[in-house]
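To start, the structure itself, in structure tokens.
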Number of protein chains: 4
Amino acid sequence: MPASAGVRRRGAVRSEEARMAVLDATGRLFATQGYDHLTIEGIAAQAGVSKQTIYRWWSSKSAVVADALIEDKLLPDHPVVPDTGDIRADLIAWMQSLVDLVAEPGNDGLVRSLVAAACESPDIGTRLNDALGITATVSTRIEAAVAAGQLPADLPVTEFVRALVGGFVLYSLERTEPAPDVAERLVRALLH
Amino acid sequence: MPASAGVRRRGAVRSEEARMAVLDATGRLFATQGYDHLTIEGIAAQAGVSKQTIYRWWSSKSAVVADALIEDKLLPDHPVVPDTGDIRADLIAWMQSLVDLVAEPGNDGLVRSLVAAACESPDIGTRLNDALGITATVSTRIEAAVAAGQLPADLPVTEFVRALVGGFVLYSLERTEPAPDVAERLVRALLH
Amino acid sequence: MPASAGVRRRGAVRSEEARMAVLDATGRLFATQGYDHLTIEGIAAQAGVSKQTIYRWWSSKSAVVADALIEDKLLPDHPVVPDTGDIRADLIAWMQSLVDLVAEPGNDGLVRSLVAAACESPDIGTRLNDALGITATVSTRIEAAVAAGQLPADLPVTEFVRALVGGFVLYSLERTEPAPDVAERLVRALLH
Amino acid sequence: MPASAGVRRRGAVRSEEARMAVLDATGRLFATQGYDHLTIEGIAAQAGVSKQTIYRWWSSKSAVVADALIEDKLLPDHPVVPDTGDIRADLIAWMQSLVDLVAEPGNDGLVRSLVAAACESPDIGTRLNDALGITATVSTRIEAAVAAGQLPADLPVTEFVRALVGGFVLYSLERTEPAPDVAERLVRALLH
DNA sequence: GAATAAGCGAGACGGTACGTCTTGTCTTACA
DNA sequence: TGTAAGACAAGACGTACCGTCTCGCTTATTC
């Protein structure tokens, strides 16, 4: 009975169950196969959902992935920037945890897949930022450091974060053997 | 007598003509359609070559692209870092020309495609660096600046370059409206 | 309520239109190109149907041909055995019309193609018999002759028909210049 | 020294070794894979011969097969028609040995393959007759029976043999379970 | 002996078709 | 109206052979 609030159009309503099944399946397949071996058919099968249901609600593979990202289905718990007052130490710690994250066996290719997804859709890029808490968390921490006089007042924060994250991304794409001090060096490249 | 070293095995020899036709076609299609709409069949047709000839010599789409990259078929003439003695001005000028490059109508999506390709194959990532002359040219310029005392002696050059280029890459992936001073801001984020 | 027996599973139903288009196209191409130059891709193109639709319903080229045979798409109207009471005259007349049939310009190679198809698939052989009405029509006529005392009571009818048709098949495969009295001679070889 | 007969042109001479290797390989592959899975490349590889050598001397797969047939590479020792004076018994014995031949495990599909080959090339049909000794042996035996008054004087021998062999061929194509008395019945269908 | 012609192995080449996979749209039956 | 099931046209995948062609070597004949 559509008793309350407004007109509630006729017919069945979107199945939340189906929606979650799709996003869960996407997360599972993304982790095991990577972005480019992900297929709509595969997601539908894995989710026990019809393809049409996916196409009805999402416009493309990348849209599904973007949604899965928002709902935190794609990433393990992501690191947050600590705040000890020492901006350099904090950034190094954070960067180190990122480096450790992708160094874990299962997470190999995770960044690569996320970047590949971001290449396909600007939306994913944006949401990736949000999901990683980069814009929110990191920027905030940087701005605090600026306010504390640890960094110059006219530092272009957006670009600073981009350089930091971009450096990490390029490092990930290279798939070299993990350098032990890469986190420290990367931060030092920006804070010299 | 086969001129130089070695026995020059029997049988017809690889057709340089076919090889170049493939790489040229790859360059042409990459520019117009981007990496992910590139197909082996399309390349073969465009090159007037049989699919088998491609599969005989390359193992995958990304291998073809990597080769095309080496042979300079994918990129328009890429900017070099000027050397006026002023490292900050030089980097800004170089970064600005990169920004201008991707701002041109035809080059929309070029970086996106290259990054997508790099996500698929570590080889492409490596060769991308080489092709862009990044490692060579930029690093050299940075090292000169370090030697000249304009930059700290212990600057981690590799990471510095990665941050610079990574920042540019992330900017490109965001497809925001081109900010006029993004080049200057990005360099300033690193040189403050 | 699904009218008759059983549950009529969910999902779209097989397109009769596509099915007929495939069989029609098969008939057309079989006539013009013969069995061995027949290709699944050719059929699909000619029928305006995707290859997958063919592979969904038929397991091989010969399966399609067998089906086309049942649906009478491969053969022009085939002769029937007359019944004048004179078994010898009737068989000669029938055999003569078979000989005339393959002597027509367009039908050159028709028998060859059918036999080639039968070599590939036992199914086609069986259905070929059915389609030609050989088992049905000829056997019936022979049995009538046996009943009328024109042929011995213990005549092995199946083998008699096989010998008759087999003789015709071998004659067709030889592609010699058409002998004018071959029909009469063949029947006389069996009824002496 | 090209002493005798004519001008013996310059250059190397055809390698008998290669020729035999090809025909042997053809026989081996024909037996294991059947006519339609036989490939020129397969023969070349199996024979340790280059494709060009095959194409230099034979015009097609069927030409190779026809040659192999002549050189007795395709068939095991084939039965001959006995001559006991009783034409009916002799034909039954011969037909029975044919039936037994194709009933052997390895020879399954042998007739099918030969017939398929004959469909492709009239040449093969002719040579098949020769190789089987059908025209020679069987016809001779039939003619002897005619001369002995066991068969009518005006019997069309060619057609009689065709009917006999054709009946056997159709029986083989049907791949039914082997009927024990099929040889006897087939002969009886012709000699009633 | 050279020079000249084949023959031969190896194998690259432009093609055609194979049978499979996925895309995005559609139809059907049920809820 | 939403949904699972699933058929459909389209088209790329990577493989297998086709028949032709170049190679570098060997073998035989002729000058």
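Just so it is clear, the structure is predicted and the values come from calculations on it, not from any experiment.
A heavy-atom distance below 4.5 Å is not found between the side chains of B:F30 and B:H37. Using a 4.5 Å cut-off on side-chain heavy atoms (C-beta onward), C:T53 and C:R56 make contact.
Where C:W57 and A:T53 meet DNA chain F, the nucleotide closest to each residue was compared, and A:T53 sits on the side nearer the 5' end. Residue order along DNA chain F, read from the 5' end via each residue's closest nucleotide, puts B:L38 first among D:L38 and B:L38. Nearest-nucleotide assignment on DNA chain E puts the 5′-proximal partner with B:R19, out of B:R19 and C:Y55. Heavy-atom distances to DNA chain E give each of B:A47 and C:I40 a nearest nucleotide, and the one nearer the 5′ end belongs to B:A47.
For B:K73 and B:D67, the salt-bridge test fails: no basic side-chain N is under 4.0 Å from an acidic carboxylate O. With respect to the salt-bridge test (charged N to carboxylate O, under 4.0 angstrom), the residues D:R127 and D:E71 do not qualify.
In this structure, C:R56 reaches the F:dC8 phosphate: one of its side-chain N or O atoms is under 4.0 Å from OP1 or OP2. C:R10 has no side-chain polar atom (N or O) that falls below the 4.0 Å cut-off from OP1 or OP2 of F:dA5.
If you check every strand for non-hydrogen atoms under 4.0 Å, C:G42 touches nothing. A:W58 comes within contact range of no nucleotide atom at all, as no heavy-atom separation falls under 4.0 Å.
Going from atom CD1 of B:I43 over to atom P of F:dG14 covers 11 Å, rounded to whole Å. Computed from coordinates, the C:H37 NE2 to E:dT16 P distance equals 14 Å when rounded to whole Å. Atom CD in C:E120 sits about 13 Å away from atom C1' in E:dC18, given to the nearest Å. Separating the CG atom of B:D36 from the P atom of F:dA12 is a distance of 14 Å, rounded to the nearest angstrom. The interatomic distance linking D:I54 (CD1) with F:dT20 (P) rounds to 13 Å, in whole Å. Distance, C:E16 CD to F:dA7 P: 15 Å, rounded to whole Å. Summarising the geometry, the separation between CD on B:E41 and C1' on E:dC18 is reported as 12 Å, rounded to the nearest angstrom. Rounding to whole angstrom units, CZ of residue B:R14 and P of E:dG11 are separated by 15 Å.
Closest of all the heavy-atom pairs between A:L74 and A:G27 is CD2-CA, 3.6 Å.
Checked against F:dA5, E:dA10, F:dA9, the side chain of C:V49 finds its nearest nucleotide in F:dA9.
Between the side chain of C:Q52 and the base of E:dC21 there is at least one donor-acceptor pair of N/O atoms closer than 3.5 Å. In the interface, the side chain of B:K51 is not paired with the base of E:dG14 through any donor and acceptor atom under 3.5 Å apart.
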